Amino acid sequence: MGAAGEIWRRGLRSAMRGSSRFFCTEQSSRVKIFDRNLKRKQRDRAAWLMRRPEDSLLDAVAENLLDRLEDCKKTFPTALCMGGSLAAIRRLLNGRGGIEKLIMMDTSHDMVELCKQTEKNSPNENVETSFVVADEEFLPVKESSLDLVISCLGLHWTNDLPGAMIQSRLALKPDGLFLGAILGGETLRELRIACTVAQMEREGGISPRLSPLAQVRDAGNLLTRAGFSLPGVDVDEYTVRYNSALELIEHLRTMGETNALLQRGKILTRDTALATAAVYESMFAAEDGTIPATFQVIYMTGWREHSSHQRAKRRGSATVSFNDIQKQFG
């Protein structure tokens with residue numbers, strides 16, 4: 001594998017360090033909602049908290065996302081997996097999509113190092129894997145250099161989601177595939193309600209504690225706005241049960257999904273935190289004492305435009321009138 005590996009590494013260096021005018025990176029959005037530096041630190045912490053790589057929720061989302069590759073007849077030799085559930089994607093890939101070269105990218109250096117260590121412990125001889133520390137908002141990849149882009153539970157933390165998706169499209173070759181999964185607006189609705197009630201009771205007002213998330217109706221518009229062909233959107237809801245609200249918070253920390261709002265309030269006081277846990281349990285606890293947490297996941301698929309794709313006829317090209325059809329079958 002030595003000669004082939006060296007050729008691949010040269011190609012990767014060329015793709016990642018070529019002239020910047022060929023990069024997919026666009027101007028950063030002027031609207032700043034999330035603190036990207038804080039999110040990087042949270043993912044660094046998450047890498048250290050992952051004592052075991054398996055997480056039933058992350059595995060279920062990654063498996064569902066990768067299932068879409070089985071519906072494609074074509075193969076995707078060169079793929080980029082960015083942010084979110086990197087380890088789950090790599091572990092559950094299992095030869096799907098015919099991937100030969102995989103680039104794993106994350107803003108967190110520690111998360112990338114964790115993936116490297118996992119690769120050393122259980123290497124996949126059929127897939128040549130490289131690792132890059134980079135930001136989804138500034139994609140350092142040449143245009144038309146990838147066959148597949150996968151983002152599993154990462155893009156919902158970007159300040160410019162449409163811009164990040166446009167960069168993903170530009171990185172794809174014609175007829176390349178984008179697979180994305182983001183958390184939807186119904187995620188953690190129980191925690192949102194409990195936190196709001198507790199803050200109103202203890203502090204006399206509310207401050208943002210959970211990040212705003214995209215709604216299902218927005219996902220199709222995002223794909224269209226980003227210029228993807230043949231867009232597809234579907235949604236799943238997962239209910240995870242915990243022994244307490246504290247266990248839920250610990251799980252969110254392990255996932256790297258805690259609050260990263262730029263205009264976040266001060267640290268939640270002990271009194272309000274205890275009140276939130278009490279309200280959560282009183283409103284949503286089951287008979288066995290466990291509490292549910294809802295995770296809504298929006299799955300998105302889109303292709304870079306290609307001549308083989310079906311296209312709508314141009315306006316005014318119809319040769320049959322609806323009035324004629326109504327008269328014939330009316």
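All values derive from a computational prediction rather than experimental measurement. For reference, positions follow the sequence shown, starting with 1.
The pair D234-R68 meets the salt-bridge criterion, since a charged nitrogen lies less than 4.0 angstrom from a carboxylate oxygen. Under 4.0 Å is where a charged nitrogen must lie from a carboxylate oxygen, and between R90 and E119 at least one such pair does. Comment: D110 does not engage R43 in a salt bridge, judged by the lack of any side-chain N to carboxylate O separation of less than 4.0 angstrom. Ion pairing between E250 and R253 holds under the 4.0 Å rule for side-chain N and carboxylate O.
Hydrophobic clustering (side-chain heavy atoms under 4.5 Å, transitive across Ile, Leu, Val, Met, Phe, Trp, Tyr) keeps L191 apart from L246. When hydrophobic clusters are built by joining Ile, Leu, Val, Met, Phe, Trp and Tyr residues whose side-chain heavy atoms come closer than 4.5 Å, directly or via intermediates, V235 is grouped together with M300. A chain of hydrophobic side-chain contacts below 4.5 Å, direct or via other Ile, Leu, Val, Met, Phe, Trp or Tyr residues, connects L222 to V216.
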Subject >> Residues M105, L139; criterion side-chain contact (heavy atoms from CB on, under 4.5 Å); working and verdict >> reply: CA-CA 10 Å; M105 187 189 86; L139 202 58; 3.6 Å; yes
**OP:** Let me see the working for K39 and Q42 under side chain to side chain donor-acceptor pair (under 3.5 Å), right down to the final yes or no.
**Re:** CA-CA 5 Å; K39 179 50 59 181; Q42 289 175 350; 2.6 Å; yes
Subject >> Test log, rule side-chain contact (heavy atoms from CB on, under 4.5 Å), inputs L183 and Q296 >> reply: CA-CA 6 Å; L183 293 179; Q296 183 187 55; over 6 Å; no
**OP:** Report the C-alpha separation of L38 and L262 in whole Å, then their side-chain angles, then the decisive distance to 0.1 Å, and conclude whether the side-chain contact (heavy atoms from CB on, under 4.5 Å) test is met.
**Re:** CA-CA 9 Å; L38 175 61; L262 198 61; over 6 Å; no
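Under the 30°/60° scheme for interplanar angles, the aromatic rings of F34 and W157 are found to stand perpendicular. Note: H251 and Y242 have tilted aromatic rings, judged against thresholds of 30 and 60 degrees for the angle between ring planes.
Taking the side chain as every heavy atom from C-beta outward, L170 and R304 approach each other to under 4.5 Å. A heavy-atom distance below 4.5 Å is not found between the side chains of T301 and V233. Between E237 and E186 the shortest side-chain heavy-atom distance falls below 4.5 Å. Contact of the M165 side chain with the L223 side chain is registered, since non-hydrogen atoms from C-beta on lie closer than 4.5 Å. For the pair I99 and N126, the minimum side-chain heavy-atom distance is 4.5 Å or more. Residues I89 and L86 fail the side-chain proximity criterion, which asks for heavy atoms closer than 4.5 Å.
Proximity of a side-chain donor or acceptor of T158 to a complementary backbone N or O of L155 within less than 3.5 Å is detected.
Side-chain contact of T107 with D135: a donor-acceptor pair under 3.5 Å is absent, judged by distance alone. For the 3.5 Å distance criterion, the side chains of T272 and E203 qualify, holding a donor opposite an acceptor.
Scanning both residues, R192 and S211, for their nearest heavy atoms gives NH2-O, 3.1 Å.
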